[in-house]
Asks: 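The following block contains the structure, expressed as structure tokens.
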Amino acid sequence: MPDERRLPADLIHALEEIVGARFVRTTIEERALYAYDATIRRSLPDAVVRPKTTQEIAALLPICGAHHIPVVPRGAASGLSGGSVPLRGGIALDLTRMDAILEISPQDLLAVAQAGVNTQRFADAVAAQGLFFPPDPSSALASTLGGNAAENAGGPHAFKYGVFRDYVLGLTVVTADGRILHTGGRTVKNVSGYDLTRLFVGSEGTLGVITELTLKLIPKPQAKRTLLTAYDRIEDAAETVSAIIAAGMQPAALEFLDDASMRVVESYLHLGLPVDAQALLLLEVDGPAVAVTEQAEALIALCRTHHSREVEVAQTPQQAEQLWRARKSISSAVARIKPSKISEDATVPPSKLPEMVHRLQEIGRKYEVDLVIFGHAGDGNLHPNIMCDERDAQEMTRVWQAVAEIFATTLDLGGTLSGEHGIGYMKAPFMAWEHAPAELDAMRAVKRAFDPLSILNPGKLFPEDVPPWPVPLPTYPRTPPSA
Amino acid sequence: MAAPLYMPCIKCGLCLSVCPTYQLTQEELESPRGRVQLIAAVDRGVVPLDAPEVDQTLFDCLDCRACEVACPSGVPIGELIETGRAQVTAQQAEHGQLSAGSRLVRFVLRHLFPYPQRLERTARALRWMQRLGLIRFADKVGLLRLFPAGWAEMARALPQIPSKSGRSQLVLPDDSKTSLPTSEAIKGTAALFLGCILDVIFPQANLSSAHVLAHNGWNVCVPADQRCCGALAIHAGDREAARALARRNIDAFLASGADTIVTDAGGCGAALLEYPQLLADDPAYAQKAQDFASRVQDIAEVLVQNGFEKPAAALPMRVTYQESCHLHNVMHVISAPRQLLDSIDGLEIREMPDAARCCGSAGIYNLTHPQLAEPLLARKMADVPSDVDAIVTGNPGCWLQLLHGVQAYGPSCAVTHTVCLLDAAYNREVRS
Ligand SMILES: Cc1cc2nc3c(=O)[nH]c(=O)nc-3n(C[C@H](O)[C@H](O)[C@H](O)COP(=O)(O)OP(=O)(O)OC[C@H]3O[C@@H](n4cnc5c(N)ncnc54)[C@H](O)[C@@H]3O)c2cc1C
Ligand code: SF4
Ligand code: SF4
């Protein structure tokens, strides 16, 4: 990694004036700790800045703009598309000091929190008041609310309850020129002007820095039940998922694990999972106690008709928690297979799930890569993860080719590049595969409106100026083989 | 191409929230991910080994290993940090840059802890100082302030040192069985591991372990040639000293022929379990270390797995259980001590929140890093239910720290070891 960039002394001084000298770091050691997120590329920032307030951020952004220095917002750096990696150097803007939960209001069914609040801590605080905040990315123990909003995170419960976007009532955002915007408000219904809130949700740190969130809460479901079942054929598991959706059932979660992901998580947690099976489904139903029993029975019957093994029902909350811990560990536990991981997030319409699983397996075989599949099957959101060794150039060539084919296949099936992890730098080269020039132009116009100097998180999201894909890209749509 | 140990760290951040030093400081540099990634950066040549931040990230770590349990990828964070420390200290020693503190620690670890007789003599001296009121006197006239902060605190917390160590009461000249079973059904021979400094301060833990094992049908032997486990040396980055101790212990215990090696100190037990890792490159000992480690078990688990007698007498008291980090995170002994406590009639366990979070003891961390250890202890004590009669733990190191905690922050209650309570319950039964 080159280490030649240096920020002008007057900029450093100005930043120190704003956030305090302790919270501006320029040593190589500190910068090395802000060069990464959960993707494989590293890139050093020139400085790390850790603000405490919205005002500090409003003060520092225009100064960075005047110096044309990039600013990359960073939450917990658990991102899987490379969003918080400072590709162009500049300032890693660490938001984790902004960690106050400002209000939880059972009367208004909402909460107000700063962007750096840890997602799990927030969910726990809300639950302690008898309320429920459904977005539950598997990274909740690590991630921040700001990062969740910036990626429009999902999670297992998104199937029934929707994604992060559906719970954001309002935001405080600082734009590149240092202006502070309060979007939305404290009401679920709000049609007062353009929906800026939704624009910032999922904007991956490219439009503004989110500093505060007003989030919608719902009452805690009265009861819930967690079920686990195994399949001897992966197709049967996928068919079950489609059948559940076709039958109009609405479990709170419907998660899919293939055999490899089950085995790694078993070697981590030793829960006694049926490691000889080919696939697992983890299901949850919630709601009024009577309804839950009924729903669970209907689901069990449906799984059985699709050749599942015995359906196990978690007998205690601890057991259910263990099953969820297993599910939420997979994304990291797969590193037990091989030390590098390329994590994809391809999402297809639910009816296409069986075909997608099948095609993914084919891709794995074709390119001879270790492909692991798990994910939020209920909303067609699979996480094909390719496990590899980034030091092995030959293997990596096959990996990058396989990834491109995964994207092409997803789009062929009417899906999208990313269901919840965002585009970042990892998927940016493929944006033109999914979006027509007019759509990309519209996005560029939005970007220019908020960040004309393009200092916020450059090198992300747009197909231009991202690091080139490591292997030549095929064209898309694929030219049909000539007859 | 063997992958470097840090490579499976995918930087997910799932280990951050369990790390006590991260909780305290909210700094990436003080988090497990930050530690692993800084080690990686050194290895890749991005960051120099002698950077102060490298020293800080490695040596501020409590070695509590909570991160390893939280890490789904199985990154051997403890091993990475311990070998990192060894590299840093080796380089500092080479350049004559070891701080006065590190040199003192190294001296004590190399020349005092490994030698039982020197330890006993030191303990005797300390005991006399206590009896003559010299420590209290030194404190009063301000002499203790001459010592670094952590040392003075510990000197104050030190309980009255008993006149005899566990070793002096348990070791028989020819390694013959120390305690013979009091019940007919013989379960096997258990070789008791004594530890070093804490056997001198809290001999009752080892004495109780011997009694309780014998009470439950075990032949107990206490190999005379055993030494300090080496954990403190490993923590301090002195792996050579630790290897010497490990070889000695392996010889002593394998010679005893016992198939179960019992420890009552989570910190020591964890170190013994990891001898194979420590001696992996030693052709003469690699295999023996495996053999040795496969026999090592914590006292609570030995009792629970092989059956133990429920005490007939009641011990009416309320206790809370503080998990030793190494017992929980490395030995994975979690429910066994609670099962022992639960078997005692009249004894009520009041769980504290986050019982497995480090109390700040961490070997001699409380001596070397009082600025972090004190706030950790304060938080721990705030979690102790105010109405308990005792805090129970499974590691004498925590015991000492908690005694200091009770004095400094309250609540006022006793501190003891799981086996001591079980032993007390058995004794009651004999008396009544
Ligand atoms: C083990 C694991 C499991 C995961 N499971 C899921 C899952 O189930 N569902 C899911 O959706 N994702 C999941 N993820 C991905 C990731 O955790 C989410 O994208 C999460 O929302 C990122 O939050 P963060 O705080 O770590 O943000 P970071 O990674 O730090 O940043 C992510 C992006 O948001 C921007 N950003 C961060 N904070 C702000 C802010 N305050 N204002 C503006 N921009 C900001 C950054 O610039 C970057 O572009 C998982 C990741 C891992 C490692
Ligand atoms: S949990 Fe493991 S893989 Fe994840 S950041 Fe921590 S050490 Fe790395
Ligand atoms: S061992 Fe404990 S203090 Fe050290 S990094 Fe892991 S959790 Fe943190």
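Each chain gets a letter, A, B and so on, in the order the sequences are listed, and its residues count up from 1. The basis for the numbers below is simple: all heavy atoms, side chains too, and nothing from hydrogens, waters or symmetry mates.
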Asks: Taking all heavy atoms of Ser138(A) and all of Leu14(B), pick out the closest pair and write down the distance.
Replies: O-CD2, 4.2 Å
Asks: Could you check which of Leu33(A), Ile337(A), Leu141(A) has the highest count of heavy-atom pairs closer than 4.5 Å to chain B?
Replies: Leu33(A)
Asks: Need one label for Arg121(A): side chain, backbone, both or neither, based on atoms under 4.5 Å from any heavy atom in chain B.
Replies: neither
Asks: Is the shortest distance from a Lys or Arg side-chain nitrogen in Glu53(B) or Arg25(A) to a carboxylate oxygen in the other one below 4.0 Å?
Replies: no
Asks: Using heavy-atom distances under 4.5 Å, tell me whether Ser331(A) contacts chain B through its side chain, its backbone, both, or neither.
Replies: backbone
Asks: Using a cut-off of 6.0 Å, state whether more than 12 heavy atoms not belonging to Asp281(B) lie near its atom CG.
Replies: no
Asks: Does the pair Arg50(A)/Glu27(B) count as a salt bridge with the N-to-O cut at 4.0 Å?
Replies: yes
Asks: When you look at Arg42(A) and Arg44(B), which way does the side-chain contact (heavy atoms from CB on, under 4.5 Å) test go after all the steps?
Replies: CA-CA 12 Å; Arg42(A) 286 178 175 74; Arg44(B) 294 195 175 105; 3.1 Å; yes
Asks: With side-chain contact (heavy atoms from CB on, under 4.5 Å) as the criterion, how do Asp99(A) and Gln26(B) come out once you've worked through the C-alpha distance, each side chain's angles and the decisive distance to 0.1 Å?
Replies: CA-CA 10 Å; Asp99(A) 64 349; Gln26(B) 304 277 322; 4.2 Å; yes
Asks: Less than 4.5 Å to any heavy atom of chain A: does that hold for the side chain of Cys71(B), its backbone, both, or neither?
Replies: backbone
Asks: Which atoms of Val18(B) come close to chain A, meaning under 4.5 Å heavy atom to heavy atom: side chain ones, backbone ones, both, or neither?
Replies: neither
Asks: Most heavy-atom pairs under 4.5 angstrom with chain B, which of Thr96(A), Asn118(A), Ile330(A), Asp37(A)?
Replies: Asp37(A)
Asks: Using heavy-atom distances under 4.5 Å, tell me whether Leu16(B) contacts chain A through its side chain, its backbone, both, or neither.
Replies: neither
Asks: Between Thr27(A) and chain B, with a heavy-atom cut-off of 4.5 Å, which part of the residue counts as in contact: side chain, backbone, both or neither?
Replies: side chain
Asks: Can you find a pair of side-chain heavy atoms, one from Met7(B) and one from Arg391(A), that are under 4.5 Å apart?
Replies: yes
Asks: Ala142(A), Ser340(A), Pro339(A): which one forms the most heavy-atom pairs within less than 4.5 Å of chain B?
Replies: Pro339(A)
Asks: Using a heavy-atom cutoff of under 4.5 Å, enumerate the residues of residues 261-270 of chain A that contact chain B, numbered in order, or state 'none'.
Replies: Tyr268(A)
Asks: Indicate yes or no for a side-chain donor-acceptor contact from Arg336(A) to the backbone of Pro72(B) under 3.5 Å, with no hydrogens or angles considered.
Replies: yes
Asks: In terms of heavy-atom pairs under 4.5 Å with chain A, which of Cys12(B), Ala41(B), Ala40(B) leads?
Replies: Cys12(B)
Asks: Give, as side chain, backbone, both or neither, the part of Ala77(A) having an atom under 4.5 angstrom from any heavy atom of chain B.
Replies: both
Asks: Crowded around Gln394(A) CD? As in, over 12 foreign heavy atoms under 6.0 Å?
Replies: no
Asks: Working to the nearest 0.5 Å, report the span between CD1 of Ile10(B) and CE of Met387(A).
Replies: 7.5 Å
Asks: Relative to chain B, which segment of Glu30(A) carries a heavy atom at a distance below 4.5 Å: side chain, backbone, both, or neither?
Replies: side chain
Asks: So, the side chain of Ser332(A) versus the backbone of Ser73(B): is there a donor-acceptor pair under 3.5 Å, distance only?
Replies: no
